[in-house]
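Contents: one structure, followed by commentary.
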Number of protein chains: 2
Amino acid sequence: MHPSLALYAGWVDWCNPWILLATKVNRTPPRQTRDAEATKAKILDAAEEEFAKFGFNGAKTEAIAAKTGVTKAMIYYHFGSKEELYKAVIQRPAEDFVNAFGDLELETMPPEEAVKTVIKVAIAHEISHPHYGRVLLHEAMQNQGQYFKLTGWVNPINRVIAVIERGIQAGIFRPVDPWLAVNHTMGICTFYFNAQANMRNVQPEFEWFTPEAIERFTESAIAMVLAGLKA
Amino acid sequence: MHPSLALYAGWVDWCNPWILLATKVNRTPPRQTRDAEATKAKILDAAEEEFAKFGFNGAKTEAIAAKTGVTKAMIYYHFGSKEELYKAVIQRPAEDFVNAFGDLELETMPPEEAVKTVIKVAIAHEISHPHYGRVLLHEAMQNQGQYFKLTGWVNPINRVIAVIERGIQAGIFRPVDPWLAVNHTMGICTFYFNAQANMRNVQPEFEWFTPEAIERFTESAIAMVLAGLKA
DNA sequence: AAGCTAACTAACAAGTTAGTCAGTAAAAGA
DNA sequence: TCTTTTACTGACTAACTTGTTAGTTAGCTT
């Protein structure tokens, strides 16, 4: 396993959504009676879940507060407004990802291995931040991506484009459109998680979150993308 | 062009979003002073746009009414409730698609050609119903897909699975997991449209909706999926 | 132990939103 | 032409939502 995947070490064990909801990324120190940082983290967690479901407009501050155990006034005390809370929510996991991604030495890897690694990290991030992908989709659909640009996602995506361009120049990849290839790859990596509730109606028996299922999904995603790229 | 694509005849000309918003599928007869069917259609159009942006919970009936030129009370007169309106919105383009898909003779086509056709029809549907895909995503994210099962999408998806299974048995396709392959394909076909507002921040110059861009996207999607499937 | 301040609550004000209803006017029918 | 039905409006209510504020308490400092 590449070192940067260490951030998500044990992610396969987190696949069960109930476990996921309980564990999350371990940001919260042991709870004391009055702990501003812990309270802020709890609000962010609850807000991430609420925004993932309803987006910025649809989310209710009251519902967020209800999940945390503190009152709604705390949102305004700690974050100032619903909008500032939203900005904080959309930026927090992005920082995790951008940092982990910054550690990847994609530029020195063989293109095939680089693409493989990117897909693994992307899926690991979906698993360890099970609500975040949906927050970003709502962002695109209802805020025209105006807050997306604050997150720092642009740089990692451009690095993946560069990897594909390098692969094409080396004759390892076919002369595909790198931009479209990146879009396809992101589509593959995210649809499984975002559209799941609909797709469950088609295959009610399918297990989505067992470690084996995630493993199969990841391998299958890598296989399709690499087949599509390789010369 | 396959006959079932006739439903979307001229779709390449509709790619510009402004043209799209103006044309839509031509359901509305020439407007009279009082025309219940025309009013219902206008409400459905406006609601589709609003639900695409905010989902069921986030959408405001007042905003829907404002787009139509009739009062909010008309929504309740013609549809009874916000929920019934939503059901109507989610079912209308599904009927178009399921009908068009029903006309496809996938079972008698060579598997490769069948997959190619499915992708073309799916993308054509996104183009001719530019808001609908996002309505379905909101449905998954905030309603757990409870209304999705009313739409009849399940059957077309199962037919695509069958096509892939047939291709595998014929030795034309690799022994992939057909279910995951369908998920990947849907991811590729939908991400380009649903996440666009975010992706515009990465490539601000990219043209998404020119006929040429849609053509390139379609070819690129077909190439990746077929490369991923072919033995 | 007394005093201070950061963290927190309960209750409320101001503005929104789903849904209703009494009434009006355009058509269609007699 | 008069009546009935259908499409539609404006004004309303009850419930909900964001954000505020006055006051309370935990825990730290001295």
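Chain letters run A, B, ... following the sequence lines, proteins first and then strands; every chain starts at 1.
Among the candidates A:Arg92, A:Lys42, A:Arg134, A:Lys67, the single residue satisfying the salt bridge (Lys or Arg N to Asp or Glu O under 4.0 Å) test with A:Glu48 is A:Arg92. Only one option out of B:Gln144, B:His138, B:Met141 pairs with A:Lys53 in a side-chain contact (heavy atoms from CB on, under 4.5 Å); it is B:Gln144.
Between B:Tyr76 and C:dG19, a side-chain N or O to OP1/OP2 separation shorter than 4.0 Å is present. The side chain of A:His78 contributes an N or O atom lying less than 4.0 Å from OP1 or OP2 of C:dC8. Residue A:Ser81 places none of its side-chain N or O atoms closer than 4.0 Å to OP1 or OP2 of D:dT18.
Distance B:Ile75 CD1 to D:dC8 C1': 13 Å, rounded to the nearest Å. If you measure from atom CD1 of B:Ile43 to atom P of D:dC8, you get 8 Å, rounded to the nearest angstrom. Residue A:Lys40 contributes atom NZ, which lies 9 Å from atom P of C:dA7 at whole-angstrom precision. As a whole-Å value, the separation of A:Met74 CE from C:dC8 P is 6 Å. Atom C1' of nucleotide D:dC8 and atom CD of B:Glu37 are separated by 15 Å, given to the nearest angstrom. If you measure from atom CD of A:Glu84 to atom C1' of D:dT18, you get 15 Å, rounded to the nearest angstrom.
Residues A:His125 and A:Tyr132 form a side-chain contact, since some pair of their non-hydrogen atoms from C-beta on lies under 4.5 Å apart. With a 4.5 Å cut-off on side-chain heavy atoms, A:Ile64 and A:Leu85 count as touching. In this structure, the side chains of B:Met74 and B:Thr71 come closer than 4.5 Å at one or more pairs of heavy atoms.
With distances taken from any side-chain atom of A:Tyr77 to the nucleotides D:dT18, D:dT9, C:dA7, the minimum falls on C:dA7. Among the nucleotides D:dT18, C:dC8, C:dA7, the one closest to the side chain of A:Lys82 is D:dT18.
A donor-acceptor pair under 3.5 Å is formed between the side chain of B:Asn201 and the backbone N or O of B:Asn198. Without hydrogens or angle criteria, B:Arg216 side chain to A:Leu180 main chain gives no donor-acceptor distance under 3.5 Å. No donor-acceptor pair closer than 3.5 Å links the side chain of A:Glu207 to the backbone N or O of A:Ala213. The backbone N or O of A:Leu104 sits less than 3.5 Å from a side-chain atom of A:Arg159, completing a donor-acceptor pair. Here the side chain of A:Glu50 pairs a donor or acceptor atom with the backbone of A:Lys60 at under 3.5 angstrom. Judged purely by atom type and a 3.5 angstrom limit, A:Gln203 has no side-chain atom pairing as donor or acceptor with the backbone of B:Trp179.
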For DNA chain C, what is the dot-bracket line, given that a base pair needs Watson-Crick (N1 to N3, plus N6-O4 or O6-N4) or G-U wobble (N1-O2 and O6-N3) geometry with both distances under 3.5 Å, and | means paired with another strand? ||||||||||||||||||||||||||||||

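Remark: nothing in residues 137-145 of chain B comes within less than 4.0 Å of DNA chain C through any heavy atom. For residues 50-62 of chain A, proximity to DNA chain C is found at no residue, defined as any non-hydrogen atom under 4.0 angstrom from a strand atom.
Aromatic ring centres of B:His184 and A:Phe217 lie closer together than 6.0 Å.
Between B:Phe206 and B:Trp208, the two ring planes are perpendicular [angle over 60°; tilted spans 30° to 60°]. Aromatic ring orientation, A:Tyr147 versus A:Tyr86: perpendicular (interplanar angle above 60°, classes split at 30° and 60°).
Nearest heavy atoms, A:Ala221 versus A:Ile123: CB-CD1, 4.4 Å.
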Considering only nitrogen or oxygen atoms on both sides, find all protein atoms under 3.5 Å from nucleotides 10-12 of chain D and state each distance.
none

Nucleotide N/O to protein N/O under 3.5 Å, stretch nucleotides 22-25 of chain D:
residue: D:dT25; atom: O2; partner: A:Arg34; partner atom: NH1; Å: 2.8
residue: D:dT25; atom: O2; partner: A:Arg34; partner atom: NH2; Å: 2.8

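Between B:Gly69 and A:Glu83, the residue whose closest nucleotide on DNA chain D is further toward the 5' end is B:Gly69.
Scanning for salt bridge (Lys or Arg N to Asp or Glu O under 4.0 Å) contacts around A:Lys149 gives an empty result, with sequence neighbours left out.
Both the sub-6.0 Å distance and the 45° axial angle are satisfied by B:Lys82 relative to the ring of B:Phe56.
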